[in-house]
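Quick note: residue numbers are just sequence positions, from 1. Side chains included, hydrogens not; waters and symmetry mates left out as well; all remaining heavy atoms used. Keep in mind the model is a prediction, meaning the values are calculated, not measured.
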Amino acid sequence: MSDPRILTVRPEPGQYAWTFGGAPPVARVRPGTVVDLYTEDCFAGRVRSEKDLVSQVCEFPYLNPQTGPFHVEGAEPGDTLAVHFVSIEPARDWAASTTVPLFGALTSTHTTATLQPPLPETVWIWQLDRERRTALFRAREGDIEVELPLDPMHGTVGVAPANLEVRSALVPDAHGGNMDTPEMRAGVTCYLGVNVEGALFSLGDGHARQGEGETCGVAVECAMHTVVIVELLKDVATPWPRLESDTHIMSTGSARPLEDAFRISQLDLVQWLVRDFGFTELDAYQFATQAVESPLANVCDTNYTCVAKLRKQWLPARETYRGTHARLRETAAVLRR
């Protein structure tokens, strides 16, 4: 196996993208390139202490900075971009989380308006022990301290949307974007349908860990050092972002209301079973109904995101996405030596 091409990207503060679509590429990459990159946290590194309130140190809509976009040579509409996460590692020994007024699943919001007052802004600074792989929660009121395991992930992964659209990096949809699924961790391959020439792939929004649903709207937000392998599958369509791990295949759906996000993810999984695993549509519907796992990704963003996942061990032995995940796992193993 020849050594892969490696591109190192360390953006300056003014070089981040804030949208999917509408931003010029920061680099052109050939399929098979390894990209070693840095991503800033969703607050652009401005929330650094319990006194740094988002409303005072951040300027809306400049939240969720993205590293990219990258123009992938040869990518055209109708193709699929495969992004394999070799490693995702916190870049600092601390991370931040917060409540944001009129944002989150358990409070009044701009779209679910009630008479109750907004929640107060409160910041929690989490201490990360990168050697012991822990994140320390300290209560703001009381003396409770709990260590949770690190589970680094990227909340935002995507390509430029179709039809000349420019979407905020806060929005998840068919192009990917701010899906906030904990499944987007090291060892996973993400498949994204290409909508424009070059795909224009970006990622950001690193989380040291996040519970399913991201209930308050903010995870354990931190800057990341991340290594990905970017591959291109010609003439393979991917209508909604899909993920493949060593153990599962996963479909995503993003929409409001929540049941529509659920339906999209379940339907996409059924259609994946039909296309690549030999099921008829009704057999796939029945099988998925009895075997699927349905974790929530987020229930707080402008669109909600649901995941539908199936264990590979229960599926017929068929190749999906031309065996790309297994091949990229082999390349990742070489990189880690």
Side-chain angles (χ1 to χ4, degrees), residues 39-60 62-65 88-156 170 178-186 204-226 258 295-302 304-305 307:
T39 63
E40 189 48 271
D41 67 37
C42 70
F43 309 117
R46 297 188 179 117
V47 177
R48 307 179 70 88
S49 75
E50 294 176 351
K51 297 179 180 179
D52 293 327
L53 303 183
V54 173
S55 62
Q56 297 176 3
V57 301
C58 296
E59 179 186 359
F60 186 82
Y62 297 103
L63 295 165
N64 236 9
I88 307 173
E89 292 296 329
R92 295 191 279 247
D93 290 327
W94 58 271
S97 192
T98 180
T99 49
V100 178
L102 300 178
F103 182 64
L106 301 182
T107 182
S108 295
T109 70
H110 294 290
T111 53
T112 304
T114 70
L115 284 173
Q116 63 178 301
L119 289 176
E121 285 190 81
T122 305
V123 175
W124 290 262
I125 299 297
W126 291 65
Q127 298 303 316
L128 309 182
D129 190 323
R130 291 180 283 183
E131 290 187 4
R132 295 178 55 244
R133 313 300 294 171
T134 61
L136 178 63
F137 166 79
R138 286 196 178 103
R140 288 295 307 270
E141 300 174 356
D143 57 2
I144 296 174
E145 292 189 357
V146 180
E147 279 191 334
L148 298 177
L150 283 181
D151 189 8
M153 52 161 283
H154 273 283
T156 308
L170 298 171
N178 195 30
M179 296 178 285
D180 286 319
T181 171
E183 305 289 352
M184 201 74 71
R185 55 172 63 92
D205 192 25
H207 299 170
R209 66 167 295 113
Q210 178 210 301
E212 293 174 357
E214 198 183 21
T215 308
C216 85
V218 184
V220 183
E221 310 282 346
C222 68
M224 289 290 183
H225 288 302
T226 294
L258 182 60
L296 294 174
N298 92 82
V299 291
C300 53
D301 290 336
T302 45
Y304 303 144
T305 302
V307 174

### Query
Do Leu102 and Ser108 pass the side chain to side chain contact (heavy atoms under 4.5 Å, CB included) test, and can you show the C-alpha distance, the side-chain angles, and the key distance before you say yes or no?
CA-CA 5 Å; Leu102 300 178; Ser108 295; 4.3 Å; yes
What is the distance from atom [atom1] of [X] to atom [atom2] of [Y], rounded to the nearest 0.5 Å?
{"X": "Asn298", "Y": "Asn178", "atom1": "CG", "atom2": "CG", "value": "6.5 Å"}
{"X": "Cys222", "Y": "Trp94", "atom1": "SG", "atom2": "CH2", "value": "9.0 Å"}
{"X": "Asp205", "Y": "Glu40", "atom1": "CG", "atom2": "CD", "value": "11.5 Å"}
{"X": "Asn64", "Y": "Phe43", "atom1": "CG", "atom2": "CZ", "value": "9.5 Å"}
{"X": "Asp41", "Y": "Arg46", "atom1": "CG", "atom2": "CZ", "value": "10.0 Å"}
{"X": "Asp52", "Y": "Thr98", "atom1": "CG", "atom2": "OG1", "value": "10.0 Å"}

### Message
Run Met179 and Thr156 through side chain to side chain contact (heavy atoms under 4.5 Å, CB included) and show every step you take.
### Response
CA-CA 6 Å; Met179 296 178 285; Thr156 308; over 6 Å; no
### Query
For Leu258, what residues pass the side-chain contact (heavy atoms from CB on, under 4.5 Å) criterion, not counting sequence neighbours?
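With neighbours one apart ignored, the set is Leu296, Val299, Tyr304, Cys306.
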### Task
Under the side-chain contact (heavy atoms from CB on, under 4.5 Å) rule, collect the residues that match up with Ser55, sequence neighbours excluded.
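Ser55 satisfies side-chain contact (heavy atoms from CB on, under 4.5 Å) with Leu53, Glu121 only.
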Which atoms form the tightest heavy-atom contact between [X] and [Y], and what is the distance?
{"X": "Gly206", "Y": "Met224", "answer": "CA-CG, 3.7 Å"}
{"X": "Met184", "Y": "Ile88", "answer": "O-CD1, 3.7 Å"}
{"X": "Cys300", "Y": "Gly104", "answer": "CB-CA, 4.1 Å"}
{"X": "Phe103", "Y": "Thr107", "answer": "O-CG2, 3.4 Å"}

### Query
Hey, which of Glu145, Glu50, Gln127 is the one that makes side-chain hydrogen bond (donor to acceptor under 3.5 Å, both in side chains) with Arg138?
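Only one of Glu145, Glu50, Gln127 forms a side-chain hydrogen bond (donor to acceptor under 3.5 Å, both in side chains) with Arg138, namely Glu145.
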### Thr134 and Asp129: side chain donor to acceptor below 3.5 Å
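No pair is found: no donor N or O on one side chain lies under 3.5 Å from an acceptor on the other.
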### Message
Just by distance, no angles: are the side chains of Asp180 and Thr305 close enough, under 3.5 Å, to form a donor-acceptor pair?
### Response
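No pair is found: no donor N or O on one side chain lies under 3.5 Å from an acceptor on the other.
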### Task
If a pair satisfies salt bridge (Lys or Arg N to Asp or Glu O under 4.0 Å) and one of its residues is in residues 207-217, list it, with sequence neighbours excluded.
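Found none.
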### Query
Do NZ/NE/NH1/NH2 and the carboxylate oxygens of Glu183 and Arg185 come within less than 4.0 Å?
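Yes.
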### Task
May I ask you to say whether Glu89 pairs ionically with Arg133, meaning some side-chain N is under 4.0 Å from a carboxylate O?
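Arg133 and Glu89: salt-bridged.
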Side chains of [X] and [Y]: closer than 4.5 Å at any heavy-atom pair?
{"X": "Val123", "Y": "Ser49", "value": "no"}
{"X": "Val54", "Y": "Val47", "value": "yes"}
{"X": "Pro152", "Y": "Pro90", "value": "yes"}
{"X": "Lys51", "Y": "Gln56", "value": "no"}

### Task
Start with the C-alpha distance between Trp124 and Arg140, add both sets of side-chain angles, then the distance that settles side chain to side chain contact (heavy atoms under 4.5 Å, CB included), and finish with yes or no.
CA-CA 7 Å; Trp124 290 262; Arg140 288 295 307 270; 3.3 Å; yes
### Task
Please name all residues satisfying ring pair (Phe, Tyr, Trp, His ring centres under 6.0 Å) with Trp126, sequence neighbours left out, ordered by chain then number.
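Partners of Trp126 under the ring pair (Phe, Tyr, Trp, His ring centres under 6.0 Å) test: Phe137.
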### Task
Could you tell me whether the side chain of Ser97 and the main chain of Ala219 form a donor-acceptor pair under 3.5 Å?
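Checking the backbone N and O of Ala219 against the side chain of Ser97, a donor-acceptor pair under 3.5 Å is found.
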### Task
Carefully, step by step, assess Val218 and Thr99 under the rule side chain to side chain contact (heavy atoms under 4.5 Å, CB included).
CA-CA 7 Å; Val218 184; Thr99 49; over 6 Å; no
### Non-neighbouring partners of Arg130 that pass side-chain hydrogen bond (donor to acceptor under 3.5 Å, both in side chains), sequence neighbours left out
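Counting only residues at least two positions away or on another chain, Arg130 forms a side-chain hydrogen bond (donor to acceptor under 3.5 Å, both in side chains) with Asp93.
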### Query
Residues two or more places apart in sequence or in another chain: which of them pass side-chain hydrogen bond (donor to acceptor under 3.5 Å, both in side chains) with Glu221?
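Residues passing side-chain hydrogen bond (donor to acceptor under 3.5 Å, both in side chains) with Glu221: His207.
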